[in-house]
Amino acid sequence: MDKLLNDMQQVAVRHTEGPLLILAGAGSGKTRVLTYRVAYLIKEKNIEPYNIMAITFTNKAADEMRNRVDSLVGHGADQVWVSTFHSACVRILRRYSDRIGYANDFAIYDTDDQKKIMKKVIKHLNLNPKIFKEKGMIAKVSDFKNKLMTVSDVRDMASTDFKMKDIARVYEEYQETLMRNNAMDFDDLIMNTVKLFKNNEDVLANYQNRLQYIHVDEYQDTNAAQFEFVRLLAEKHKNICVVGDDDQSIYKFRGADIQNILQFEKYFPGAKVVKLEQNYRSTKKILEAANSVIHNNVGRKDKTLWSDNADGAKIDLYQAEDGYAEAQMVADTIQEEVDFGRASYEDFAILYRTNAQSRALEEKLLMKNIPYKIIGGTNFYQRREIKDVLAYLRLLINPSDDLAVERIINVPRRGIGNTTVENAVNYARVRGMNLYDALLEADQINELKPAAVKKIKGFTEMIERLKNDMKIMSLEDLYKQVLDETGYIADLEAEETDEAEGRIENVDELLSKLVEYEGEAEDPTLGEFLEDVALIADIDNLEEDNDYVVLMTVHSAKGLEFPRVFLCGMEDGLFPGYMSIMSDDKEELEEERRLAYVAITRAQNELTISYAKRRMLRGETQYNIVSRFVEEIPPSIVNSKNVTDTVAAGYKRNIVRDTFAKAHAKMEKKPAVVKPKKDIAFGKEFTITKADIDYKVGDRVEHIKFGEGTVKAIEDGTKDYQVTVDFDEVGQKMMMASFAKLKKL
DNA sequence: TGGTAAGTAACCAAG
DNA sequence: TTACTTACCA
């Protein structure tokens, strides 16, 4: 194995005892090091595979690592516990959840379920939904859990802050509701496991004794709860090896604490630190671009990636008129390269900052018949019909799952309306029972009319029948039986719309996934299937051996590599996002820059960066300038194609950029938005005659929306003038002359 | 009670 | 743009 590893990699592999921090730059072969290290422990150090653990963030990464260890070690490798944080915790909790007051068949609630619960909580507590928005509250609660803060911690912290006190009430009620439903959300999985460990020495000791060598991948993205989970497990043997790159920390918004990696040596005294700085992935030019961007960040461990790879081509920079033209360019380029035999579809990845950008790209790829796959966005498992069917299955194994009951009690329509359900919910609540049990004794509920009771009986009897079926049937048959008994498919078929047809296809697709699971699993159970489904990540659906272009957000692309990468929408306001530009917290912009770094370092051979002058967002046209991150790349390694703004002339844009940003900030909390004028909205090309403007710097002008102001600057673009005006009312703004329709006074 | 029309908030990223 | 909520009618 020695020849396959460089010196530093070997050091990392061979340092098996005690804490080890591997600072692994992008493309420096960290997965290789991790897998070789596990193999080394087994083969050279004679450690039982059973005593080794490796934790990743996604199932995909876990599978990959498992396969690679398998091929290195062969026998016994399947005994290594390779898993994601979430599945590891679920596995532990399934065994011991009774110790923290949960039944072992607890459900796992996703974002959608969380929303529903939160909505009820806010309503039930009579809080003003204008102030206590469910999304915001979910984020808060998630934040608390990631920091391992309990309800009483939050309450203590609130002291006299009455809003925080209300938030504590929300948190409390939310938790109680989950508990009543015998359900946990994603964050609970980690927090509850930590809680379990802390309150049950025997349980912790059990795992500590077993897991003598622990590895954590993507360590820079761990949050406080995950840190504590790992720390507890490693406390006894202290053989903890973490791999991460502070420059690739991009999940602060979901609680990742970069200090976990920056302070590793403090938390684990005597830790050995190994830096992997040789990049095996990208060309020198791509690496130089990445390095020159990330060097603008202040809070980072200093390191510089280098490479022995070829110089490679310059980075292409392309300016498009709008998002569609950008997508067209991408599609054309891909098709051309494939037609010329210079690449195949699978070589390409199209990356973007936000999922919304995928639509235009998808449209153009579709038009050219280019095979593609979009990762993320609306996930298969979030589709209504899938959630409906899953809710039936969930109810069969967990009668406490009120949310599931409410979801499907009237789907398909059984004439059980809101009022009926509400009466039953109240009945259940008063008696402290779950909704399904209340339905079972519907005839006891005084508020219900006999007709309603009868309909409910029909529903519960059906569920009971299905429960019996569950005992005797295979999963496949049970699934079919559910569709049949409930009339779910029949109902969709009756619709006779394309949409309904699509839904039926999806339901069938879920069936084939179930069949696949049943065929593969050792001891298939409905519960385990539901669990797998709940913990699936978008990226897990990416299959490497298919010839298609992949589209995904930069976040999803972390950890992946592609021969050729398109990085789209590199515009200020989009990437970096508007919020991070306006934020007082400099760290936010640094996180965006790390994200840009991640994006650039995904590319192996060729990188094309593109941006658009205007972009449709929420039905409005927005005007942006090229991303500041693009300007951080040395012009000498950039090949500007079709670039008409000043960026082409060596990036002298920073002053304007500042004016631009400040003008927006003053104006409103939104970027400059110009409603498309009717006469130009349809035409793809509208040439702007430059002679149109009759004002000059210093003149007083009037704008239809912003009122009167003084012209501060006029910048000459190829197709249009960019005019900066200091308006009396709203401050300085920069705009395209043709759209501004400024009138000289 | 359920369906449709009008109205409105949202997109920043994910397990 | 779209998904989702509220209002209103059959």
Side-chain angles (χ1 to χ4, degrees), chain A residues 56-62 83-90 108-116 119 129-130 133-136 138-139 142 145-146 184-190 218 221-223 225-226 249-256 323 351-360 363 375-379 381-382 384 410 412-422 449 451-452 455 531 533-540 552-558 569 573-583 588 591-592 594-596 598-599 615-622 670-671 676:
Chain A
T56 62
F57 272 83
T58 65
N59 296 306
K60 186 175 183 292
S83 117
T84 65
F85 273 104
H86 289 96
S87 14
C89 288
V90 171
I108 299 167
Y109 277 6
D110 67 9
T111 321
D112 214 53
D113 303 320
Q114 286 182 291
K115 255 193 206 156
K116 289 190 172 145
K119 205 176 159 192
K130 285 269 184 295
K133 300 218 168 87
E134 57 199 62
K135 258 191 112 173
I138 289 171
S142 170
K145 292 182 183 175
N146 288 334
M184 298 189 200
D185 63 23
F186 289 125
D187 303 312
D188 281 331
L189 297 177
I190 316 283
E218 305 283 9
D221 286 327
T222 51
N223 59 38
Q226 288 159 336
S249 159
I250 55 173
Y251 282 108
K252 192 176 170 226
F253 72 93
R254 68 174 197 209
L351 308 183
Y352 37 77
R353 177 71 236 269
T354 68
N355 281 120
Q357 289 165 254
S358 67
R359 190 176 308 146
E363 195 177 292
I375 308 290
T378 354
N379 182 309
Y381 293 98
Q382 288 167 257
R384 196 210 308 169
N410 200 31
R413 300 252 135 78
R414 301 186 174 89
I416 305 177
N418 285 338
T419 356
T420 308
V421 175
E422 238 165 73
K449 293 190 188 116
K455 285 174 189 158
E531 183 179 304
V533 161
L535 295 178
I536 249 164
D538 293 325
I539 200 70
D540 299 336
M552 67 184 103
T553 64
V554 180
H555 279 91
S556 304
K558 196 185 60 161
L574 189 61
F575 194 178
Y578 176 73
M579 299 297 253
S580 64
I581 295 176
M582 285 312 150
S583 170
E588 287 203 29
E591 173 133 333
E592 292 281 311
R594 289 194 291 270
L595 195 56
V598 168
R615 189 175 289 280
M616 278 283 258
L617 208 66
R618 281 176 255 144
E620 288 176 315
T621 306
Q622 198 177 294
K670 272 171 95 179

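Each chain gets a letter, A, B and so on, in the order the sequences are listed, and its residues count up from 1.
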ask   = Expressed in angstrom and rounded to an integer, what is the separation of A:Ile190 atom CD1 from B:dA14 atom P?
value = 18 Å
request  = For A:Lys60, check salt bridge (Lys or Arg N to Asp or Glu O under 4.0 Å) against everything at least two apart and list the hits.
outcome  = A:Glu544
ask   = A:Arg353: what forms a side-chain hydrogen bond (donor to acceptor under 3.5 Å, both in side chains) with it, not counting sequence neighbours?
value = A:Glu592
key: Under 5.5 Å and under 30°: A:Phe57 stacked on B:dG15   = no
request  = Just jot down the ring-ring contact (aromatic ring centres under 6.0 Å, His included) partners of A:Phe186, sequence neighbours excluded, or say none.
outcome  = A:His86
note = Sequence neighbours excluded, the answer for salt bridge (Lys or Arg N to Asp or Glu O under 4.0 Å) partners of A:Glu591 is A:Arg594
message = Checking contacts here: which listed nucleotide (B:dG15, B:dC11, B:dA13) is nearest the side-chain heavy atoms of A:Arg254?
response = B:dG15
Secondary structure string for DNA chain B (Watson-Crick or G-U under 3.5 angstrom, | for other-strand pairs) = ||||||||||.....
ask   = Which residues satisfy the salt bridge (Lys or Arg N to Asp or Glu O under 4.0 Å) test with A:Asp187, sequence neighbours excluded?
value = none
inquiry  = Applying side-chain hydrogen bond (donor to acceptor under 3.5 Å, both in side chains), can you list everything that pairs with A:Ser358, at least two apart in sequence or on another chain?
reply    = none
remark   = side-chain hydrogen bond (donor to acceptor under 3.5 Å, both in side chains) filter on A:Tyr352, not counting sequence neighbours, yields none
request  = Let me have a per-nucleotide readout for nucleotides 2-10 of chain C, 5' to 3', with B, S or -, counting only protein heavy atoms under 4.0 Å.
outcome  = S--S-----
ask   = Can you name the residues that form a side-chain hydrogen bond (donor to acceptor under 3.5 Å, both in side chains) with A:Arg414, not counting sequence neighbours?
value = A:Tyr392
request  = With sequence neighbours left out, write down each residue that passes ring-ring contact (aromatic ring centres under 6.0 Å, His included) with A:Phe57, or none if nothing qualifies.
outcome  = A:Phe85
message = I'd like to compare against my own output: the B/S/- annotation of nucleotides 2-10 of chain B with a strict under-4.0 Å heavy-atom distance to protein.
response = SS------B
